[in-house]
Amino acid sequence: MSDDPVRTDGAVRFTAIPRQVFPTPDGGRIAVGANTPRRVLIQRQPPGSAWSAPTVLYQRRGVTCGEIDGRASAGGVALLLECDTPYYEDQAPVHSVAMVSRDGRSWARTVLPGEAYQAPAISADGSRAAWLTGGHGQYVRWSTGEGFAPVADTGYRFDSGGETLVVADDGSVTVIGPESRRDRCLVVAYTRGATGLRNRQVVSGVDPGCTEGALSNRDQDTVTGGTYGGREAQYVISRTAPGARWVLTARPPSSAPGLAGFARPGVTFLDVPGRPLAAVGGIAGTLALQTYDTDRQAWSGSRAITRLPGDGCRARATFTERALRVGLLPLRCGPRAYAAVSPDLASWQLVVTGRRPVAISADARTVTAPAAGRTVIASPDGLRTLNVVESSRCGFIAADGADVVRLHARRSDGWPRLVQTWREGRWQTVRRLALPRGTCAEVRSDGYSVPTVFVLRGDDRRSIALEVRRRDGRLDIVRTRW
């Protein structure tokens, strides 16, 4: 892996650890990342200036790093470099580095004892910072007058990994996270004051999920929480000032008033960036939608978006690795598969997809839903219907914006080899893929990947994974892992 950064408009595109950008107290910015796990780089952008050339922020013989977490306030920046000897993605790192700066240029640092892999905290004026490390509820604190202090303990003990911490200008540290008590799951805040006094407080009104819940600090007086679902499970806990009680200030939308009692196919939450959270489900034989008002913390009235083709419909999983920019709800009604698609969560179309796989583009902005005699394409630009199909058993169609590509087989049960694009009202062959000969049994899609991974299976149980990528300015179909 090359150490040479790839520049785009003065900014570095780090290849090993993606760049993370943080504001600095002088109104500028810093970007931290890596092009090799052995060396973490930093790039600075003073106010009104271009990005500087990257320099080495951290490098130590035998140590590799895999993740960077950070927090910024008006007074400084705190970082956690997740490192080990060597670093493995599926193991908690035990050689992580705590770093803190009040100007984005000079840094104090130390290697944290034990496991450390959660985001640090920094106080509003930048005079204090803290990192979770070692055992549960343990932390290392830094201050401008004393530097890094020995490991301290708040008393938090619950073993979930979902806790977070905040540090205030007065030096107090609070670890807040899930805790199980008498078969109940609570949010509990453990605070250790600047003098060492400890306090425990239960935050009422929310179940954080003791096995799947996690909290994250936003600033010294605000913490967000939620399960590993979407925005419907997120909540906010805050306090008016250090030392004040923590209270629930924004409830999870899934438990907010006004949510309809959806019948089959039940409720599915659609979280499209830039649009209100939506809930979709069955009401009186229709697919109905509600939107969430974050200011009122309540749901709108429901409105029908399309009729359901039967009473036995059920929704299929819509979770993807990347948030979709359009609405998509796969359904199964009796023996048939459908997809409800929308460009804006306002206008919808129900497509009978059957065994044809729905495709999601690499940028998550385009969904392709093929039917028997047409293909419906949803993007933020609107809904588009093309009178094109792919009738072979293992072929498929996918779009990315205005461009449409398909994998075609001349024989209905053969392995598809022809990569074709839709141009000037007809399919044009671009190239041939080197795929097996013989009979192809089926194609299906991995509904969790972006872009969609198409898995082709032969009668001999051989499997090949393909995906649609843009190469040299055009769509192409390439082999991938699955």
Side-chain angles (χ1 to χ4, degrees), residues 1-7 11-22 24 29-44 51-72 76-122 128-144 146-153 159 161 163-165 167 175 216-217 481:
M1 191 174 298
S2 172
D3 287 352
D4 295 330
V6 179
R7 292 180 173 273
V12 171
R13 178 167 56 86
F14 297 115
T15 54
I17 304 177
R19 62 189 278 115
Q20 291 201 44
V21 180
F22 305 95
T24 52
R29 298 189 296 173
I30 60 170
V32 185
N35 290 311
T36 166
R38 297 182 299 276
R39 181 184 303 161
V40 178
L41 303 177
I42 185 170
Q43 190 180 21
R44 298 176 179 86
W51 286 99
S52 67
T55 57
V56 176
L57 178 65
Y58 178 76
Q59 181 178 14
R60 186 168 180 178
R61 183 184 296 273
V63 176
T64 58
C65 304
E67 297 286 345
I68 297 170
D69 292 304
R71 291 292 185 268
V77 181
L79 300 177
L80 175 72
L81 312 183
E82 297 184 27
C83 308
D84 213 329
T85 55
Y87 174 88
Y88 291 103
E89 188 173 348
D90 59 348
Q91 295 181 13
V94 294
H95 204 90
S96 294
V97 181
M99 305 189 70
V100 61
S101 173
R102 302 197 72 183
D103 58 11
R105 294 185 175 277
S106 59
W107 295 85
R109 69 186 67 189
T110 190
V111 176
L112 296 169
E115 297 179 357
Y117 51 86
Q118 289 152 297
I122 188 165
R128 319 274 179 170
W131 294 259
L132 286 167
T133 188
H136 306 287
Q138 294 183 327
Y139 64 91
V140 167
R141 193 186 69 178
W142 171 90
S143 65
T144 52
E146 302 174 357
F148 288 98
V151 174
D153 195 339
D159 184 7
E163 67 273 17
T164 190
L165 83 169
V167 59
V175 174
S216 178
N217 59 45
R481 292 183 178 180

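Computed over heavy atoms, backbone and side chain alike; hydrogens, waters and symmetry mates excluded.
Between P93 and C83, the shortest heavy-atom contact is CB-O, 3.2 Å. Across all their heavy atoms, D84 and V94 have their closest contact at OD2-N, 3.2 Å. Between G104 and T24, the shortest heavy-atom distance links the atoms CA-CG2, 4.1 Å. Closest non-hydrogen pair, A78 versus A129, comes out as CB-CB, 4.2 Å. Residues Q59 and R38 share a closest heavy-atom pair of CG-O, 3.3 Å.
Considering only heavy atoms from C-beta on, V97 stays 4.5 Å or farther from R60 through its side chain. Side-chain contact between W131 and V100: present, with at least one pair of heavy atoms (C-beta onward) separated by less than 4.5 Å. Side-chain contact between I30 and S101 is absent, with no heavy-atom pair separated by less than 4.5 Å. Side-chain atoms of P113 and V151, non-hydrogen and from C-beta on, do get closer than 4.5 Å to each other. A 4.5 Å side-chain heavy-atom check between V32 and L57 finds at least one atom pair inside the cut-off.
Within the model, atoms CZ of R109 and OH of Y58 stand 8.0 Å from one another, a figure rounded to the nearest 0.5 Å. The CZ atom of R39 sits 12.5 Å away from the CD1 atom of I17 when rounded to the nearest 0.5 Å.
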- Item | V77/W107 under side-chain contact (heavy atoms from CB on, under 4.5 Å): CA gap, chis, key distance, verdict | CA-CA 9 Å; V77 181; W107 295 85; 4.3 Å; yes
- Query: Given H95 and V111, is the side-chain contact (heavy atoms from CB on, under 4.5 Å) satisfied, shown in steps?
  - Reply: CA-CA 6 Å; H95 204 90; V111 176; 4.2 Å; yes
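For S143, the side-chain hydrogen bond (donor to acceptor under 3.5 Å, both in side chains) test picks out no residue, with sequence neighbours left out. Every residue was checked against the side-chain contact (heavy atoms from CB on, under 4.5 Å) condition with P18, not counting sequence neighbours, and none meets it. Remark: R19 pairs with A11, V12, F14, V21, A31, Q43, W51 by the side-chain contact (heavy atoms from CB on, under 4.5 Å) rule, at least two apart or across chains. With sequence neighbours excluded, the residues satisfying side-chain contact (heavy atoms from CB on, under 4.5 Å) with S106 are D103. Here E163 pairs with Q118, L132, H136, Y156, S160, V175 under the side-chain contact (heavy atoms from CB on, under 4.5 Å) rule; sequence neighbours left out.
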When the side chains of residues 61-72 are checked against the rest of the protein, which donor-acceptor pairs come out under 3.5 Å, sequence neighbours left out?
{"unit_1": "T64", "atom_1": "OG1", "unit_2": "Y87", "atom_2": "N", "d": "2.7"}
{"unit_1": "R71", "atom_1": "NE", "unit_2": "N217", "atom_2": "O", "d": "3.0"}
{"unit_1": "R71", "atom_1": "NE", "unit_2": "N217", "atom_2": "OD1", "d": "2.6"}
{"unit_1": "R71", "atom_1": "NH2", "unit_2": "S216", "atom_2": "OG", "d": "2.9"}
{"unit_1": "R71", "atom_1": "NH2", "unit_2": "N217", "atom_2": "O", "d": "3.4"}

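With hydrogens and angles ignored, the 3.5 Å screen pairs no side-chain donor or acceptor of T133 with any backbone N or O of Y139. Between the side chain of D153 and the main chain of Q138, no donor-acceptor pair closer than 3.5 Å is present.
More than 12 heavy atoms of other shown residues, nucleotides or ligands fall within 6.0 angstrom of atom CZ in R44.
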